[in-house]
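Proteins come first, then strands; the chains are lettered A, B, ... in the order of their sequence lines, and each starts at number 1. As a basis for the values below, the full set of heavy atoms in this structure was taken, side chains included, without hydrogen atoms, waters or symmetry mates.
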Amino acid sequence: MRGWIRTRRDSKAGLSFLAVNDGSAFDSLQVVAPSSLPNYADGVLKLSTGCSVICTGQLVQSQGKGQSVEVQATKVEVLGLVDNPDTYPVQPKQHTLEFLREVAHLRPRTNTFGAISRTRHCIAQAIHRFFHEQGFVWVNTPIITASDAEGAGQMFRVSTLDLSNLPRDDKGKLDFHKDFFGKETFLTVSGQLNVEAYCLALSKVYTFGPTFRAENSNTARHLAEFWMIEPEIAFADLAADAQLAEDFLKYVFKAVLNERQDDLKFFVERHDKSVVTRLEQFVGSSFERIDYTKAIEILEKSGQKFEYAPKWGADLQTEHERYLVEKHVGRPVVVMNYPEAIKAFYMRMNEDERTVAAMDVLAPGIGEIIGGSQREERLDLLDKRMAKMKLNPDHYQWYRDLRRYGTVPHAGFGLGFERLVVYVCGLQNIRDAIPYPRAPGQAEF
RNA sequence: UCCCUGAUAGCUCAGCUGGUAGAGCGGGUGACUGUUAAUCACCAUGUCCCUGGUUCGAGUCCAGGUCAGGGAGCCA
């Protein structure tokens, strides 16, 4: 047994009980260290929370209550002591998550972050497995990009220029020809446009990789660096997209329910009582599908007082989404066909010429969890929308090519991986769903 | 970025209307016990976030700043 000490309890019967954890499961293993060990006094009795050990012995049925098995140690090798136990930050007690964020290098040694890490891994594996089983190809879209995708938010600049001596052109403007890529480049805010090209060749594809947003938004739902999943399917419409989203989420949640019972039990005890029932209800229910226009009607007729009155043409507020999901329907809802003005240029124009084939999947207890759309595959209509939104077609030539050469109806959606982790684990803050959170003013570790 | 709240021991916090600091947990020491975040006793611990101001005197009041949390906007 190789791992780190969680607690040590001594018995004057000539024994010490070591709770040793190696992160492979939620529970620690109890190692019984007898005082007859040669290093008992100067080794075992010096062990405190956080020390690393290698214990050798026999796994036997436990003679005490509280665990089924334990190790009767014949050897306890102390690898690393804790310098000063008085200041070791991770104590065998409940810490606040805020405090643990300040010790991000040691928080994986806590019950909470061990459980989150294993669950995060389980979710990631389930996602890849789901797509793989369905015949999807994982496509790694570029992290450095020259396009600003859909104009979705602020981007991080990527440059090797000397900030203290920037090259200028005749007009005094920055000369990016001198930069590494010979043009302005940024970290990606979405792999969607790139993955569409692969979709229109491999039929079923997805991205799963890091994504960056430089917006100065400091909330429990935002990270500057996060992981995003974006499936894209060819020969598909919005209904197929919604069905994929439903199958996808249910598959992932089922996997967590099956594989991480130990960690889920802990989340229920310490973080969110409703974690397991919420996931069970989610996988057991069929999603309601509802048009945006209908949703506005429902909200208007609800008699509910909203801070912002629901109005056709405006985006749904968080309070609106919560009412729809939690009060009106009571299970996951897919809201479809939004007004074109509030949605991105690449979303497919509907026959009514006022809405586009966009969808949001709303889940009880969190709100929007997935956003997607059928893409505009008709070049003339795509150009029309780009013009309307004042996008420069020159920047999207290769994207327009996809509509010129063998275009087909296709659709996809995107979801933030950490938001999924937050939902599954019952967390409050997205900064606890990723090992080293990056946020405005926060790039420690 | 805006609004609100907060920052006191290693951690979680208390400290009333201004009079230079306390508890629980953790740590150390000892006792006790096949123990379970053990129990009991004793011991130690502080730039009261920073800078300035008011005052005889500031953890406490005022101003500015930094950081954090909650909410909003934006979004994944």
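Residue A/Ser11 has its side chain nearest to B/rU33 when only B/rA72, B/rU33, B/rC74 are considered. The nucleotide whose nearest atom lies closest to any side-chain atom of A/Phe17 is, among B/rG34, B/rU33, B/rG70, B/rG34. Listed nucleotides: B/rG70, B/rG73, B/rC11. Nearest to the side chain of A/Thr318: B/rG73. Side-chain atoms of A/His222 lie closest to B/rC75 of the nucleotides B/rC75, B/rG26, B/rU35. Here the nucleotide nearest the side chain of A/Gln442, chosen from B/rA68, B/rG34, B/rC11, is B/rA68. Proximity note for A/Thr219 (side chain, C-beta onward) versus B/rG73, B/rC11, B/rG69: the nearest is B/rG73. Listed candidates were B/rA38, B/rU35, B/rC25. Nearest to the side chain of A/Gln91 is B/rC25. Out of B/rU35, B/rG34, B/rC11, the shortest distance to the side chain of A/Gln63 is found at B/rG34. The listed nucleotides are B/rG70, B/rG34, B/rU33; the one nearest the side chain of A/Asp10 is B/rU33. Listed nucleotides: B/rG34, B/rG28, B/rG69. Nearest to the side chain of A/Pro85: B/rG28.
For B/rC61, the paired nucleotide is B/rG53, the pair qualifying as Watson-Crick or G-U wobble because both relevant distances are below 3.5 Å. Pairing partner, B/rU39: B/rA31, with both Watson-Crick or wobble hydrogen-bond distances short of 3.5 Å. Nucleotide B/rC16 forms a pair with no other nucleotide shown, judged by Watson-Crick or G-U wobble geometry with both contacts under 3.5 Å. When both pairing distances are held under 3.5 Å, B/rA21 makes no Watson-Crick or G-U pair with any nucleotide shown. Across all strands shown, B/rU5 forms a Watson-Crick or G-U wobble pair with B/rA68, both key distances being under 3.5 Å.
Taking the six-membered ring for Trp and the full ring otherwise, the centers of A/Phe345 and A/Tyr396 sit less than 6.0 Å from each other. Aromatic pair A/His271/A/Phe266: ring centres closer than 6.0 Å.
Distance check on atom C1': B/rC43 versus B/rA9 gives 15 Å, rounded to whole Å.
If you check every strand for non-hydrogen atoms under 4.0 Å, A/Leu15 touches a base. A/Glu418 comes within 4.0 angstrom of no nucleic acid atom, judged by non-hydrogen atoms across all strands. Heavy atoms of A/Leu223 sit under 4.0 angstrom from at least one base atom.
Ring geometry for A/Phe136 versus A/Tyr206: interplanar angle over 60°, hence perpendicular rather than tilted (30 to 60°). Ring geometry, A/Phe212 versus A/Phe156: the interplanar angle exceeds 60°, so the pair is classed perpendicular (tilted spans 30 to 60°).
Between A/Arg8 and the phosphate of B/rA38, there is no side-chain N or O to OP1/OP2 separation shorter than 4.0 Å. In this model, the phosphate group of B/rG71 is not approached by any side-chain N or O of A/Asn218 to a distance below 4.0 Å at OP1 or OP2. For the OP1/OP2 pair of B/rC75 and a distance below 4.0 Å, the side-chain nitrogens and oxygens of A/Arg221 include no atom meeting the criterion. Contact between the side-chain N/O atoms of A/Gln317 and the OP1/OP2 oxygens of B/rG73 is found at a separation under 4.0 Å. For B/rU12, the OP1/OP2 oxygens have a side-chain nitrogen or oxygen of A/Thr96 closer than 4.0 Å. Phosphate contact (OP1/OP2 of B/rG69, side-chain N/O of A/Arg431, threshold under 4.0 Å): present.
Only A/Glu70, A/Gln72, listed by number, bring a heavy atom of residues 68-78 of chain A to less than 4.0 angstrom from any atom of RNA chain B.
Proximity of a side-chain donor or acceptor of A/Asn21 to a complementary backbone N or O of A/Phe26 within less than 3.5 Å is detected. In this structure, A/His132 contributes its side chain and A/Arg129 its backbone to no donor-acceptor pair below 3.5 Å.
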Walk me through it: do A/Leu249 and A/Phe130 pass the test side-chain contact (heavy atoms from CB on, under 4.5 Å)?
-> CA-CA 10 Å; A/Leu249 288 173; A/Phe130 170 81; over 6 Å; no
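For A/Gln30 and B/rU35, a side-chain-to-base donor-acceptor distance below 3.5 Å is present, hydrogens and geometry of angles not being considered.
Remark: A/Arg331 CZ to A/Phe282 CZ distance equals 11.5 Å, nearest 0.5 Å.
Straight-line distance from the CZ atom of A/Arg9 to the C1' atom of B/rG26: 16 Å, rounded to whole Å.
For the pair A/Val82 and A/Cys51, the tightest heavy-atom approach, listed with the atom from each and the gap, is N-SG, 3.4 Å.
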